[in-house]
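Working notes for the structure below.
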Amino acid sequence: MHPSLPRQPFIVRLACAFGVRGWQMAGLFLAFALIAVPVMHLVVPPESPLHLSTYFITLTGKILCYAIVAVAMDLIWGYGGILSLGHGLFFALGGYAFGMYLMRQIGRDGSYQSDLPDFMVFLDWPELPWFWLGSDSILWVALLVLVVPALIAFIFGYFAFRSRIKGVYFSIITQALTYASMLLFFRNETGFGGNNGFTDFKRILGFSITAPETRVVLFALSALALVATLLLARYLVTSRFGRVLTAIRDAEARVMFIGYDPLWYKLFVWTLSALLCALAGALYVPQVGIINPSEMSVANSIEIAIWVAVGGRGTLIGPVLGAFLVNLAKSWFTVSFPEYWLFFLGTLFIVATLYLPQGVIGLYARLRAGRQRPPGNPTVGAASGAQPS
Amino acid sequence: MRKFGLLLGGWLFYVSSLCAAIDPALLAPLAVDDSEKRIAAIAALAQAAPEAALPVLTALADESLAVAGERIVRLDGERVFDAASNREIAPPPAEREPISINNRVRRELAAALAALRLFSSEREVRWQAVQEVAASADAKMLPLLDKALAGETDPAIRNRLRLAHAQASLGSDDPAIRLGAVVALGESSDPKVRQLLLPLTEKRTETWVEADSAVRAAARTSLRAIEQRLAWADNLTRAFTGLSLGSILLLAALGLAITYGVMGVINMAHGELLMVGAYAAWATQSVFRAHLPDLLDWYLLAAIPTGFLAAALVGVLMERVVIRHLYGRPLETLLATWGISLFLMQVARTLFGAQNVEVANPVWMAGGIEVVPNLLLPWNRIMIIAFSIAVLTAVWAMLNLSRLGMFVRAVTQNRAMAGCVGVPTGRVDTLAFGLGAGIAGLGGVALSQIANVGPDMGQGYIVDSFMVVVLGGVGQLAGAVWAALGLGVFTKFLEGWTGAVVAKIIVLVLIIIFIQKRPQGLFALKGRFVDA
Amino acid sequence: MVRRNFVKTLPALAVSAAFALTSFGVRAAETIKVGVLHSLSGTMAISETALKETVLMAIDEINAKGGVLGRKLEPVVVDPASNWPLFAEKARQLLSKDKVAVTFGCWTSVSRKSVLPVYKELNGLLFYPVQYEGEELERNVFYTGAAPNQQAIPAVEYLMSKDGGEARRFVLLGTDYVYPRTTNKILRAFLKSKGVAEADIMEEYTPFGHSDYQTIIAKIKKFAGEGKKTAVVSTINGDSNVPFYKELGNAGLKATDVPVVAFSVGEEELRGVDTKPLVGHLASWNYFMSLKNPENEKFTKLYKSWAVKQKLPNAAKVVTNDPMEATYVGIYMWKQAVEKAKSTDVDKVIAAMGGQTFKAPSGFTIKMDEKNHHLHKPVFIGEIKADGQFNVVWKTPGPVKAAPWSPYIPGNDTKKGEPEGK
């Protein structure tokens with residue numbers, strides 16, 4: 001995939017991707033997530049103002065997963081110029097795969113005291129269908145989480161990119177794919193609990209899923225996964241691979257003339273992006289406690305794009321920021337002004353695309369540079385790239 | 001029954017102008033909340049005073065019969081009549097408790113009314129009545145049918161009566177009459193008749209249900225004929241439903257074919273433009289209801305321009321405020337228009353409430369043409385097919401015959417060049433987008449007749465509309481037409497044997513595969529700009 | 001300060017920290033907080049907004065009469081936006097941040113399933129007001145809607161009766177999700193026990209938001225033409241009902257030929273339909289707006305004036321329906337239980353709930369079962385009238401006890417009629 005000969009071990013090059021300042025930030029963040037949060041949640045008494053509530057842990061944990069998705073989306077959209085409206089699918093697939101494990105962990109504690117998950121009992125499934133085999137093993141499920149979405153992405157991507165489907169066409173057929181999958185998972189015969197999906201998880205690896213310790217561990221894992229994702233993404237985009245990818249985004253025809261085959265570059269980043277989404281989905285499900293087909297709805301996938309757009313495409317911290325901003329706004333609006341949430345979200349979509357082509361990161365950079373471009377003249381920024389129409 | 005028939009013949013001539021009085025004792029059981037007593041009362045009424053009973057029974061069926069104190073009254077708009085004497089009561093009594101009936105009574109009532117109406121002087125009324133009677137024809141009704149056949153002159157009604165007569169005489173003891181009936185029924189295409197004939201060809205506990213072998217053979221022949229017709233009607237139904245789904249898809253997607261296909265704008269708010277059109281239809285209906293109640297049935301005609309203008313206005317606004325700034329950046333347009341769609345949905349929710357609003361079908365669109373008993377073509381579907389053809393023709397003419405159309409095509413083919421030769425590209429964009437939006441509004445008006453009208457209605461059509469446009473190929477009206485019809489018919493045939501859920505999934509997957517094979521859709525535009 | 005460092009370096013965390021700060025709201029301590037967890041946007045808003053209004057109206061009414069235990073009720077309205085994970089998040093927020101004493105909320109089963117773990121974990125109290133498939137009994141939930149035996153089975157019994165048309169052939173038609181599936185499974189077993197043959201039952205499902213019912217109506221017509229008297233049992237959900245009923249009207253399937261009985265179609269849903277062609281089709285509920293009794297008169301009048309006061313859209317035409325009544329009953333039962341327990345403590349309230357009675361708008365004095373957390377409810381069968389209201393054609397002599405574990409589902413005979421783990 002990467003034609004240059006390795007001069008240093010991969011791990012070193014990977015580690016170097018962040019730079020000193022990057023590691024400082026990552027270190028601070030990890031110290032907060034891995035040390036401060038557990039202490040503030042588990043040790044600090046609830047009366048203390050420094051105590052972090054379970055609500056904070058679950059909400060932030062959830063958004064950390066979203067942030068991973070946003071970074072994955074940014075890799076393919078911000079750097080690859082391919083807008084996927086199907087990332088909800090990969091996210092949900094990862095969630096479903098891990099959900100299978102969680103369902104099996106319920107064991108006989110369900111309402112019907114059966115070895116089968118509850119929904120199978122009352123829909124008369126005589127035994128576990130073949131695709132559930134092995135789902136009681138965390139290793140097998142971990143493999144499923146990574147392989148199934150990646151494989152689907154690979155196959156879909158291979159044919160799509162080989163046919164040179166791009167731009168809006170690609171967006172629309174990914175949307176169709178997600179929509180078709182949602183309908184498929186809604187069916188009760190499909191074997192994934194239909195509309196209700198999976199809920200009422202009891203334990204994970206034998207530990208109670210509602211125990212504060214489990215929560216903190218899941219939170220810490222999400223934080224770690226986010227840092228690892230950022231590191232990997234940073235490494236990729238600063239490598240030669242990343243430069244070719246950006247070149248494909250900006251002028252695919254020219255890249256081809258030079259002798260590169262864009263197919264494999266696109267396919268690699270597309271599959272990787274799907275895989276990261278699936279990982280985020282797997283971390284998301286135990287923290288949220290439910291996975292069902294509405295995760296694959298068209299609206300959800302488009303919302304992912306808006307996190308990235310708001311944060312700033314073509315930067316790596318931007319999507320993380322966007323995921324936090326939009327989701328916190330959602331949490332706040334849906335409580336304080338429930339009726340206005342959609343007005344806000346709608347306006348955000350419009351304003352972000354019209355006036356913030358580089359997101360808040362771009363805005364911040366512009367403000368710092370002290371040069372404010374007049375609004376209403378959204379000149380295409382370097383990061384947004386000239387999209388072929 | 002016979003007595004009633006004779007009575008009727010006698011009465012028909014001279015009673016009609018009289019205000020025949022009904023014995024109030026006969027009416028009284030109608031007010032009792034007991035189905036048995038009501039049914040008995042209906043039969044007694046029809047027998048005792050057929051002519052005078054007709055308005056009373058009709059009123060009972062329309063739920064406009066009421067109890068006012070001691071007597072039973074008939075409501076006719078603001079006026080109130082005494083049911084027994086049929087005289088107007090002035091001033092109308094204030095306290096009236098409407099009489100409600102259940103399905104069982106309604107069924108008996110319909111049969112009784114049909115029997116009465118079989119002798120109406122209006123052909124249409126008789127035709128309706130004979131359908132009703134035929135549905136439940138049995139041996140008891142033979143005298144009635146004989147009587148009706150004797151007086152009937154209209155060939156179509158006679159034919160229908162004969163079939164009903166044959167159906168009623170299937171149970172006769174005389175094999176010759178049975179044979180005649182079975183042969184006659186071979187002309188029927190009613191699934192119910194098939195159900196009646198089927199047992200005649202079967203054995204039950206080693207003996208034939210039908211003893212006479214000639215009748216059995218005739219029954220087999222008749223059954224074959226009926227089944228052939230039924231199968232034919234089945235396929236026709238499927239084709240028609242496919243066509244109608246296709247025309248709806250086309251109406252939903254046509255606006256998008258212009259904005260996306262011709263202008264390259266990805267309008268995710270397209271579904272909401274449909275919604276605007278549908279709400280416009282609702283608003284027009286409300287205005288008519290409030291101010292022009294006499295013309296209410298024709299509100300739809302006024303809704304067409306209203307829907308077009310409302311959606312076009314929203315479209316022009318969208319174009320001016322947002323989309324204009326995003327030309328050449330289709331992915332950003334996609335996101336921004338998605339934002340607009342969320343915005344519009346919430347606007348609708350705030351203005352009109354989260355609940356669906358009621359848009360009634362005008363009377364002239366209710367019901368349908370019954371080609372044969374199991375093939376009914378609903379008027380609203382026919383109207384929508386016709387409407388989609390009309391809209392398509394208008395759009396085609398607009399694009400190909402008008403000056404604006406020429407400009408639009410010019411801009412589509414080469415924006416820069418068109419600008420150079422003096423086409424005001426900016427204004428053309430706005431107008432073309434407004435046109436596309438307006439057509440979406442027309443689609444919304446059509447949808448309001450068959451689907452629900454609510455803030456979320458657009459979401460259900462957005463994926464389908466995009467599929468139509470993508471499948472048809474960008475920039476082609478013909479492509480959209482073929483794609484919509486193809487998708488409609490294909491989905492309907494698939495639905496027949498896989499069920500609706502799986503059919504939808506299969507169709508989506510096939511589209512995805514098809515796009516891999518032919519990324520430019522069914523009808524690709526040829527030229528260099530395609531790859532630009 | 002460590003925190004200040006973060007604000008400078010990691011904007012993401014800054015935002016979450018800022019968020020944590022906004023949570024310190026200053027609120028009067030003497031009110032009792034009541035959570036309202038109904039979707040106000042998204043696909044479920046169509047049904048759930050009316051329930052939010054009902055809760056607010058009842059709270060207003062209770063406060064006007066002095067509140068509960070001398071304290072005013074304070075509603076905390078949140079919008080889970082028809083998004084199931086968001087339901088769980090909002091539930092946690094209501095319980096752990098706002099510290100609500102009770103929550104009224106949810107419509108779909110999936111939303112209830114989504115919040116259940118949260119209510120169990122934090123020992124909250126949820127009142128669920130919608131008819132559902134049963135097969136669940138949780139200590140922290142009170143189910144004020146109907147279980148299948150309080151809605152579906154009486155409806156089918158009616159269809160098989162002389163007045164109902166003596167149907168012997170059934171089409172079980174539903175949207176493909178758990179409630180229709182389970183209900184139809186129960187009905188199938190019930191029909192079999194009544195001697196209906198397998199060949200006389202047709203089961204058919206459509207996807208969510210399905211809007212083209214031509215094929216299905218044609219199928220029903222064909223099925224109905226092939227034998228005995230046929231009836232349709234519809235568990236079609238939400239928006240799909242309008243296209244279904246419009247198609248039904250146009251296809252000329254009249255209620256006198258093939259009656260359709262629906263479990264998800266009430267006054268609110270019929271507002272979006274022209275009901276003239278639908279006269280005679282049926283619905284089975286525990287309450288109808290058209291019921292005539294003093295409680296209902298009071299209830300409907302109250303809601304109408306509330307709608308005008310709140311300037312709800314189409315305020316002149318608002319209707320009440322079964323889930324609204326169930327919500328209303330739930331709030332008053334909770335109030336009574338709190339007054340009996342003299343505390344809003346969840347455990348004490350749960351203990352005090354059993355056996356509470358309330359003179360409901362349905363005209364009956366209904367009782368919360370001592371054990372199974374469901375109401376004893378009367379069942380009404382109504383026929384659609386031309387004005388969009390229902391004409392009650394049949395009702396049970398008195399309230400029926402709920403059987404959340406249907407005896408028609410194998411394995412349920414061993415189930416206890418009370419939540420486990422007291």
Side-chain angles (χ1 to χ4, degrees), chain B residues 35 62-63 100-104 106-107 110 135 190-192 194-195 234 237-238 240-241 244-245 248 345-346 349-361 366-368 370 373-374 376 378-381 449-457 459-460 491-492 495-496 499-501 504, chain C residues 40-43 45-50 162-165 176 204-207 209-212 214-216 218-219 221-222 225-227 239-243 246-247 249-252 255-257 259 268-274 276-277 279-280 282 312-314 383 385-386 388 391 393-394:
Chain B
S35 305
D62 298 342
E63 305 210 335
S100 300
I101 53 172
N102 66 10
N103 279 333
R104 187 171 154 219
R106 206 171 281 122
R107 203 157 35 234
D190 192 334
K192 275 189 195 124
R194 177 176 169 269
Q195 224 45 44
D234 257 5
T237 309
R238 228 170 272 162
F240 178 78
T241 52
S244 122
L245 178 65
I248 287 159
M345 267 196 281
Q346 196 62 22
R349 211 169 270 139
T350 313
L351 287 181
F352 308 112
Q355 285 82 15
N356 290 333
V357 295
E358 182 227 327
V359 180
N361 287 2
E370 191 172 85
N374 69 334
L376 182 109
W379 273 116
N380 66 347
R381 299 272 171 189
Q449 294 303 307
I450 50 154
N452 41 347
V453 180
D456 294 314
M457 68 174 287
Q459 296 290 299
T491 309
K492 281 296 156 193
E495 235 177 58
V501 189
K504 182 117 199 174
Chain C
L40 309 176
S41 56
T43 50
I46 174 174
S47 306
E48 293 193 59
T49 35
K162 193 154 191 211
D163 264 352
D176 192 5
E204 193 71 41
Y205 293 96
T206 55
H210 191 62
S211 60
D212 194 296
Q214 298 181 87
T215 312
I216 283 172
K219 260 191 194 167
K221 259 186 139 172
K222 198 167 168 214
E226 279 168 359
D239 280 4
S240 294
N241 275 306
V242 177
K246 282 200 171 172
E247 197 61 48
N250 285 319
T256 44
D257 308 328
E268 190 71 68
E269 285 76 13
L270 286 184
R271 273 170 83 184
V273 202
D274 175 19
K276 276 172 225 83
V279 169
L282 305 136
L312 299 185
N314 288 326
E383 281 183 4
K385 293 199 293 185
N391 167 31
V393 292
W394 183 87

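To find a chain, count down the sequence lines: A is the first, B the second, and so on, and within it residues start at 1. All values below come from the heavy atoms of this structure, side chains included, with hydrogens, waters and symmetry mates left out.
Taking all atoms of both residues into account, the shortest heavy-atom contact from P313(C) to T350(B) is CG-O, 3.9 Å. R107(B) and T256(C) make their closest contact through NH1-O, 2.9 Å (heavy atoms, listed as atom of the first residue, atom of the second, distance). What you find for A45(C) and A354(B) is that their closest heavy atoms are O-CB, 3.6 Å. Of all heavy-atom pairs spanning K385(C) and S100(B), the tightest one is CD-OG, 4.3 Å.
The distance from atom CG of D212(C) to atom CD1 of I248(B), rounded to the nearest 0.5 Å, is 6.0 Å. From N452(B), atom CG reaches atom CD of E269(C) across 11.5 Å, with rounding to the nearest 0.5 Å. Considering CG of D234(B) and NZ of K222(C), their distance stands at 4.5 Å, rounded to 0.5 Å.
A 4.5 Å side-chain heavy-atom check between V279(C) and R106(B) finds at least one atom pair inside the cut-off. Side chains of L40(C) and R349(B) form no contact here, defined as non-hydrogen atoms less than 4.5 Å apart.
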- request: Could you give me the CA-CA distance, side-chain angles and deciding distance for E358(B) and L270(C), then say whether side chain to side chain contact (heavy atoms under 4.5 Å, CB included) is met?
  value: CA-CA 8 Å; E358(B) 182 227 327; L270(C) 286 184; over 6 Å; no

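Taking I101(B), T491(B), V453(B) one by one and counting their heavy-atom pairs under 4.5 Å with chain C, the maximum is reached by I101(B). Interface remark: of the candidates R271(C), K162(C), E268(C), K162(C) forms the most heavy-atom pairs closer than 4.5 Å to chain B. Between chain C and the residues R381(B), Q449(B), E495(B), the most heavy-atom pairs under 4.5 angstrom are made by R381(B). Contacts with chain B were tallied for E204(C), E247(C), H210(C); E247(C) has the most, counting heavy-atom pairs under 4.5 Å.
Not counting sequence neighbours, the partners of D163(C) by the side-chain contact (heavy atoms from CB on, under 4.5 Å) test are S35(B), N102(B), R104(B), Y158(C), S161(C). For F240(B), the ring-ring contact (aromatic ring centres under 6.0 Å, His included) test picks out no residue, with sequence neighbours left out.
Heavy atoms of R238(B) lying under 4.5 Å from chain C are absent altogether. Residue N361(B) touches chain C through both its backbone and its side chain, counting heavy-atom pairs closer than 4.5 Å. Proximity to chain C involves both the backbone and the side chain of Q355(B), based on heavy atoms less than 4.5 angstrom apart. The contact between Q346(B) and chain C is made entirely by side chain atoms (from C-beta outward), counting heavy-atom distances below 4.5 Å. Within the 4.5 angstrom heavy-atom criterion, atoms from both the backbone and the side chain of L245(B) approach chain C. In this structure, chain B has a heavy atom under 4.5 Å from the side chain of K219(C), while its backbone stays farther away. At a 4.5 Å heavy-atom cutoff, the contact between S211(C) and chain B is made by side-chain atoms alone.
Counted within 6.0 Å of CH2 on W394(C), heavy atoms from surrounding residues, nucleotides or ligands total more than 12; the atom is thus considered enclosed.
For the pair E383(C) (side chain) and N103(B) (backbone), a donor-acceptor distance under 3.5 Å is present.
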